[in-house]
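The analysis underlying the following values was restricted to heavy atoms, covering all of them including side chains, and did not include hydrogens, waters or symmetry mates. Numbers for residues simply follow the sequence, beginning at 1. Please read these numbers as outputs of a predicted model, since none were measured by experiment. We count ligands from 1, going down the list as the structure has it; atoms in each ligand are counted the same way.
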Amino acid sequence: MLIRRPSDILPSEITPRELFLRRRDFLKTAAGAALLTAFPAIAAEKLAGARNSLFSTTETPTPYKDVTTYNNFYEFGTDKSDPVEKAQRLNTRPWSIAVEGLVKHPRTFAIEDLIKLAPLEERIYRMRCVEGWSMVIPWLGLPLATLLKQVEPQGAAKYVEFISAADPQSMPGVKSRVLDWPYVEGLRVDEAMQPLTLLALGLYGEVLPKQNGAPVRLVVPWKYGFKSAKSIVKIRLVEKEPNTAWMKANAHEYGFYSNVNPAVDHPRWSQATERRIGEFQKRKTLPFNGYAAQVAQLYAGLDLQKFF
Ligand code: MTE
């Protein structure tokens, strides 16, 4: 991955207005009215969710401006400023995720269906990028497990593959060969079912900005940021370990697990410390990004030097 400095010439707030307006239209329908009664919070322009403090860090969130202007989203280019500048033309409605493969009930979920599955939760997570920077982000979403329980993975399903949109019309980076498109990521089924694993629809109390992976992305806080695939269109339950976009690009540097691990250096740089965006002094990186109590047992007996 390329390391770039944040640009200071970016617009501070990009609000996906048309998305809010269409949501308002949806709320005027019968389904919308029912939804409104169930979850009055989504009537507001903002996308609200109750704070789940059990899963949230009490650390100060990174400013909204940094969260939404310093991004990696290579479908729009490799500069940190490319996503906010170029992602606004991505059409995120209508949008659906097809959930298929080794499941008992394959199904396509529209974004509106996802919101109906469970009340949205606010989860403030530490996020650590493999490049050595980190942020604290207040996400809004639902556990991925809630979605997977709907389709019922079959016994043979061992992994979950996530496939992002790859539309050359609206995503200029897809014309470059920096990655083999579409962006593909993967988790083991038990990792996908872990309660921390989130399908995010929003951040900072609003609909997910396009540069952050609208309308729906994965968030896996104990893994390096690249595991958290953006703008997902397909989820497949499979038997074999998915060949991810970063493994295809450089399997020597980017392993399947990609758990945050200060003891395993990236071949070209140390992973022992990180720079929290907005801070000057570096911090020590924690095993599993500070989520060891919740997730370390998933890897009991696994050689983390080998399965990096
Ligand atoms: N998902 C897709 N589809 N394409 C990408 O280039 N970049 C990854 C991840 N998800 C990426 C992606 C990387 S490297 C990081 S660090 C995070 O998204 C960044 O998410 P953020 O911009 O919301 O902080």
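In this structure, Arg217 has a heavy atom closer than 4.0 Å to ligand 1. Residue contact check for ligand 1: Ser228 places a non-hydrogen atom closer than 4.0 Å to it. Not a single heavy atom of Ser231 lies less than 4.0 angstrom from ligand 1.
The distance criterion of under 3.5 Å between nitrogen or oxygen atoms is not met by Gln211 with respect to ligand 1. Looking at ligand 1, you won't find any N or O of Tyr70 less than 3.5 Å from one of its N or O atoms. For ligand 1, the polar-atom distance check against Trp246 finds no nitrogen or oxygen pair separated by under 3.5 Å. Any N or O atom pair closer than 3.5 Å counts here, and Trp139 shares no such pair with ligand 1.
Counting heavy atoms only, Lys230 comes closest to atom 21 (P) of ligand 1 of the residues Met127, Glu131, Lys230. For the residues Trp133, Tyr183, Phe73, the heavy atom positioned nearest atom 8 (C) of ligand 1 is part of Tyr183.
Residue Cys129 has at least one heavy-atom neighbour below 4.0 Å for each of these atoms of ligand 1: 16 (S). If you number the atoms of ligand 1 from 1 as listed, the ones under 4.0 Å from a heavy atom of Ser164 come out as 3 (N).
Taking the charged nitrogens against the carboxylate oxygens, Glu161 and Lys240 have no contact shorter than 4.0 Å, which rules out a salt bridge.
For His105, the side-chain hydrogen bond (donor to acceptor under 3.5 Å, both in side chains) partners are Glu152, not counting sequence neighbours.
No cation-pi contact links Lys65 to Tyr70, judged by a cut-off of 6.0 Å to the six-membered ring centre and 45° from its axis.
Aromatic ring centres of Trp222 and Tyr291 lie farther apart than the 6.0 Å criterion allows.
Applying the side chain to side chain donor-acceptor pair (under 3.5 Å) rule to pairs touching residues 134-146 yields Ser134-Glu274, Ser134-Arg276, sequence neighbours excluded.
When side chains are defined from C-beta on, Phe162 does not count as touching Leu199, because their heavy atoms never get closer than 4.5 Å. Using a 4.5 Å heavy-atom threshold, the side chains of Asn72 and Glu131 count as touching.
Aromatic ring orientation, Phe288 versus Tyr299: parallel (interplanar angle below 30°, classes split at 30° and 60°).
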